Number of protein chains: 2
Amino acid sequence: MTSAPQPPAHRASGRTGRPRSAEADRAILDATRAALVELGWGKLTMGDVAARAGVAKTTLYRRWAGKNALVVDAVADLFDEHLDLPDLGSLQADIEGVVLRFAALLDRPETKTALMAVVAESTRDEALRERIRSAIVERQKGLVLLGRERAQARGELPREDEPAVAARTADLIFDVIAGAVVHRTLVSAEPVDGEWARGFTALLIGGLASAGAAPPV
Amino acid sequence: MTSAPQPPAHRASGRTGRPRSAEADRAILDATRAALVELGWGKLTMGDVAARAGVAKTTLYRRWAGKNALVVDAVADLFDEHLDLPDLGSLQADIEGVVLRFAALLDRPETKTALMAVVAESTRDEALRERIRSAIVERQKGLVLLGRERAQARGELPREDEPAVAARTADLIFDVIAGAVVHRTLVSAEPVDGEWARGFTALLIGGLASAGAAPPV
DNA sequence: CTCTTTCGCTACGACTCGTAGCGTAACTGG
DNA sequence: CCAGTTACGCTACGAGTCGTAGCGAAAGAG
């Protein structure tokens, strides 16, 4: 009842009949983000989004199952735009870079509100959690794998032998980086600036080095 | 309009008139947690909580300003019960212990749902954020300080000279521990078991050791 | 030109919100 | 024992939101 079984946007074009307006899609997602900034999650209403987008309320419900699914898609767009990992030449610089970029993304009011609200709702909705995972989490995790690949090519990190261990380590690093930045930004409510990013990166790289040198019991 | 200016529970007892029922307080907070488990944040209604608690809806509004404030208090109770830091003899064991205890707390369905939802709402409500900070975050942060104190007494960690640096480091560690556990549990949706706790602790201690040995530029 | 699908619009019952008003219950100070 | 004061349960209310249904018109496909 909460999450959407239907595909997020356009379907296969072999269909007959009037096609869905792609422009309406954009307008709706833009309106969702704007309304999120002004009203927050709790006071965001479907009717308001429809009015902002210049679209009938029924059109919203034809495409998304409800507030949850709509907001997930609206936020996923932002992650598409702002998540990449430029090669900055060293592991230290790469991690600092991704930390700062992720922090900048979380600093946007529409992102911080929406992401947490959707995650909260996902604790009760398996389909919604899958949607978040594929739309947001997996893309971020790809950055971790890419960063490690580069660091190994540079010789900054040892190559893992066992793929199972390598996967576990990557998951761990991902949770540590994303978790620390999110917690600092949203719970502690203090800024992720260059100084914090340096301190955090030093901590993480130090841990990786020593953990690699002395593998766990 | 969202958060409560009034004190959470009992006022100074020098007052005249009928005192507030402490039993009702308990019943309401219990009912809130139960409803949270069954319905989730989105479908939780004040009327439903009142009915479960055997209390008039108006009584709820006399004590709390709304859903947000009510849920913060309901969850803060859980943190009171389950957060402490037994001395396990080593820094490694202490960290693993607190990670596992915190993870067990987050594994409760009422905690995971409520905490995220309240944090999400707090991004738009300064008073609510303060309430979360004093009711939950500061108590957790105390554990970090206590753990470091013990580790320094054991000689496992160097004593910080500058208090400013020491405070920054404590904040960093706090965000890393709490953030990683929360992210692993709620976003990655994978279990924090003994194996994960060992790997994480090894990473953290390694980082602390090397950061202490080679202070940041 | 017909068929199919989406569109905007209106209207609807069901539900929740937060407040107000009332009479009653509980406790305090004289 | 008797005001005075405060909290309580109950009922009722207007305002707002939800998600759906039904309609005629618009936009492409064959």
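For clarity, every value in this text was computed on a predicted model and none was experimentally measured. Letters A, B, ... are given to chains in the order of the sequence lines, protein chains preceding strands, and every chain is numbered from 1.
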Taking for each residue the nucleotide of DNA chain C bearing the nearest heavy atom, is the 5' side occupied by B:G47 or by B:G17? B:G47

Salt-bridged, B:D30 to B:R52, with N to O below 4.0 Å? no

d([atom1], [X]; [atom2], [N]) in whole Å:
X: B:D48; N: C:dC17; atom1: CG; atom2: P; value: 9 Å
X: A:E23; N: D:dA27; atom1: CD; atom2: P; value: 12 Å
X: A:Y61; N: D:dT20; atom1: OH; atom2: C1'; value: 9 Å
X: B:L60; N: D:dC10; atom1: CG; atom2: C1'; value: 14 Å
X: B:W64; N: C:dC17; atom1: CH2; atom2: P; value: 16 Å
X: A:L70; N: D:dT17; atom1: CG; atom2: P; value: 16 Å

Under the side-chain contact (heavy atoms from CB on, under 4.5 Å) test against A:L203, which residue among B:L203, B:T169, B:V176 passes? B:V176

Need to verify one output field. Residue with the more 5' nearest nucleotide on DNA chain D, A:M46 or B:P19? B:P19

Could you go through nucleotides 8-14 of chain C and list every protein N or O atom that sits under 3.5 Å from one of its N or O atoms, giving the distance for each pair?
{"from": "C:dG8", "atom 1": "OP2", "to": "A:A56", "atom 2": "N", "distance (Å)": "3.4"}
{"from": "C:dG8", "atom 1": "OP2", "to": "A:T59", "atom 2": "OG1", "distance (Å)": "2.5"}
{"from": "C:dG8", "atom 1": "O6", "to": "A:R62", "atom 2": "NH2", "distance (Å)": "3.1"}
{"from": "C:dC9", "atom 1": "N4", "to": "A:T58", "atom 2": "OG1", "distance (Å)": "2.9"}

Given the rule in the side chain to side chain contact (heavy atoms under 4.5 Å, CB included) test, do B:V71 and B:R33 qualify, once you have shown the distances and angles that lead to the verdict? CA-CA 8 Å; B:V71 172; B:R33 286 186 283 266; over 6 Å; no

Student check: side-chain heavy atoms of A:K67 and A:W41 closer than 4.5 Å: yes

Ignoring hydrogens and geometry, is there a side-chain-to-backbone donor-acceptor pair from B:R26 to B:A22 under 3.5 Å? no

Please confirm whether any donor atom in the side chain of A:R18 sits under 3.5 Å from an acceptor in the base of C:dT6, or the reverse. yes

Any donor-acceptor pair under 3.5 Å joining the side chain of B:R20 to the base of D:dA7? no

Has A:E126 got more than 12 heavy atoms of other residues, nucleotides or ligands less than 6.0 Å from its CD? yes

